[in-house]
Number of protein chains: 2
Amino acid sequence: MTPPKTSSVEHFISLLARLSRLVNHDGHASGLKPAQWDALRFLARANRFSRTPGGLTAYLGATKGTTSQTLMSLEKKGLVEKNPDPLDRRSVALKLTAAGEELAQSDALSSFGSLFEALSPPERQSLEVAMEQLLRAKLQQQGNRPFGICNSCRHFRKNSPDGKLSAGQPHFCSLLKEPLSDHDSHKICIEQEAA
Amino acid sequence: MTPPKTSSVEHFISLLARLSRLVNHDGHASGLKPAQWDALRFLARANRFSRTPGGLTAYLGATKGTTSQTLMSLEKKGLVEKNPDPLDRRSVALKLTAAGEELAQSDALSSFGSLFEALSPPERQSLEVAMEQLLRAKLQQQGNRPFGICNSCRHFRKNSPDGKLSAGQPHFCSLLKEPLSDHDSHKICIEQEAA
DNA sequence: TTATTGAGTATCGAGTCGATACTATTTGAT
DNA sequence: ATCAAATAGTATCGACTCGATACTCAATAA
C-alpha cells in the first residue's frame, strides 16, 4: 500500500529535473556556457593540487576530451591561464586570470542565492543538509571523489611542525607531504577524504 | 557582520551547481539526451491542452527552434507521434507512442529517487517543500508559467454539471470550457493558475 | 481583403559530451 | 638501463543543445 509514497518520489524527481533545467538555463549567461561556469567555479575554489585538467575532469565527471575543449574556450576568452608543471612535464597547472577571478565573483547562479536567502533560516539549514546528503550519496554511488574542503580531510595536519618550515604555511598534508597555507586549507581538494 | 551567511549562500550555490551537473549527467542515459528526457517526462505528465510544441517550449523555457529539433529526434526514435490539430491547422498534437510511454516509466533520474527514499521522512518532507518554494520563486521571478496540476487550478470545477455531459468526464475547466476526466485532472496544465 | 499575429520549421554557429585515437612523459619491472 | 605499461593531455568525430534569425502557413482582426 505505497501509492502515496511512490507519487512523492516521482514528484521529487520532477522537481529535481525542473530545478536542474532552470540552473542549466541560467548557466547560459554572460557569454559562458554551463560547463564553462562549472569549470570557472571549480578553479576559483580548488587548491593548487587540484587545479589541473585532470582534477577538473574528475570534478566535472566528464571525459578528458570534453574538459580539454572547455578549457580551450576559457583560455581563448582570456579567463584561464595554462602553465607547464616543472615537476611533471605531462601536467598543466591552471590558473584563473584577473578577468577569470572577476567573472567567477559574479556567478551566473547568484539569482538562486537570493531566492535561497529568502527562505527562513531553518528551511535554509535543512535544505542545505539534505542537498549535501543527496550529493554525497550520489557521488559515492558512482565511485566519484567527494572533492571536500582540505581542512576536513584525514590527511590534514593542523599547525604541523612540518608545515612551519615555510612562513605562512602552518599546516601540512600528510598524503602529498606538502605544507599548506591557511588559505589553501579552505579550498577544495581532489584528494580529500573525510576525517 | 554577515560573512558566515554569505559563505552559506556560496555553499548553497555550489551544491546546487554540482547537483544539477549530476542530474544532467544522468540524463545522458538510455540513448536519450537531457532535453529529450525533459520532453518525454513532460509529455507523459501533461494534459491534452498542453501536449503541443508550444506547450513544451514554454515548459522547457527554450526557444521554439530548439524544441522543434528535440521533438524531431524523439519522433525519429519512434517515441513521439505528431498529429495535426483539426481545429487549428497551425497546431500539432503530440502523443507518446507505446515505446515512449515505456521509456518514460524507466526515468533516467530514478537513481535519485532511490537516494531520496533513503532520507528520513521529515528530511524528505522538508526537502520537497524547500525545492518547491525555490522552483516557484524562480519561475515567478522570470515570469514563467508554473505548470501546476490541473485540479489545483482556479479554473478547475470539480464534479461540475457541465462536465457530466460526457460520461467519464465529471469535471470541467472554466477557462477552456472543456470537460475533464479524473485522469486529466491529475496532469500538468500549461494554463494552470493557483487556486 | 488584407495586414498582423501565432504555431511551427529550417538553418547557423558555438558549445557539449561520449568515444576513439593519438602524443608525450613518467614509472615500473625486468 | 631499457622497454613496456600507465598517465596527462590533445585532436577529432558525430549527435545533440541552445540562442538567434529567417522563414512558411494558418488564423484573426481591421
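Lettering follows sequence order; numbering is per chain, from 1.
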Checklist entry - Are B:Gln142 and A:Leu22 close enough, and set up right, to give a side chain to side chain contact (heavy atoms under 4.5 Å, CB included), and what steps lead you there? => result CA-CA 10 Å; B:Gln142 306 185 152; A:Leu22 291 173; 4.0 Å; yes

Checklist entry - Which residue, A:Pro34 or A:Leu87, contacts DNA chain C at a nucleotide closer to its 5' end, judged by nearest heavy atom? => result A:Pro34

Less than 4.0 angstrom between a side-chain N/O of [X] and OP1 or OP2 of [N], yes or no?
X       : N      : answer
A:Lys77 : C:dG15 : yes
A:Arg89 : D:dA8  : no
B:Arg21 : C:dC17 : yes
A:His25 : D:dG19 : yes

Checklist entry - How are the rings of B:Phe156 and B:His171 set to each other: parallel, tilted or perpendicular (split at 30° and 60°)? => result tilted

Next on the checklist: Ring-plane angle category for B:Phe116 and A:Phe12, please: parallel below 30°, perpendicular beyond 60°, tilted otherwise.
Outcome noted: parallel

To the nearest Å, how far apart are [X] [atom1] and [N] [atom2]?
X        : N      : atom1 : atom2 : answer
B:Leu32  : D:dC16 : CG    : P     : 10 Å
A:Asp26  : D:dG19 : CG    : P     : 11 Å
B:Asp85  : D:dA26 : CG    : C1'   : 12 Å
A:His28  : C:dG13 : NE2   : C1'   : 14 Å
A:Trp37  : C:dT16 : CH2   : P     : 13 Å
B:Leu60  : D:dG19 : CG    : C1'   : 14 Å
A:Ile190 : D:dA8  : CD1   : C1'   : 12 Å
B:Lys76  : D:dA15 : NZ    : C1'   : 8 Å

Item to check | First encountered from the 5' end of DNA chain D, between B:Thr66 and A:Gly65 | outcome: A:Gly65

Next on the checklist: Checking contacts here: which listed nucleotide (D:dC16, D:dG19, C:dT16) is nearest the side-chain heavy atoms of A:Lys33?
Outcome noted: C:dT16

Checklist outcome for this item: With sequence neighbours left out, the residues meeting salt bridge (charged side-chain N to carboxylate O under 4.0 Å, His left out) with B:Glu102 are none

Next on the checklist: Please enumerate all residues that pass salt bridge (charged side-chain N to carboxylate O under 4.0 Å, His left out) together with B:Arg21, with sequence neighbours excluded.
Outcome noted: A:Asp38

Checklist entry - When all nucleic acid strands are considered with a 4.0 Å heavy-atom cut-off, which category describes B:Gln36: base, sugar-phosphate, or nothing? => result sugar-phosphate

Item to check | Sugar-phosphate, base or nothing in reach of B:Thr70, heavy atoms under 4.0 Å | outcome: sugar-phosphate

Checklist entry - Under the side chain to side chain contact (heavy atoms under 4.5 Å, CB included) criterion, do B:His155 and B:Glu191 qualify, and how do the steps go? => result CA-CA 9 Å; B:His155 300 114; B:Glu191 303 290 358; 5.7 Å; no

Item to check | Footprint string (nucleotides 1-8 of chain C, 5' to 3'): B base within contact, S backbone only, - free, heavy atoms under 4.0 Å | outcome: -----BBB

Checklist entry - Is there a path of hydrophobic side-chain contacts, each under 4.5 Å between heavy atoms of I, L, V, M, F, W or Y residues, that connects B:Leu139 with A:Ile13? => result yes

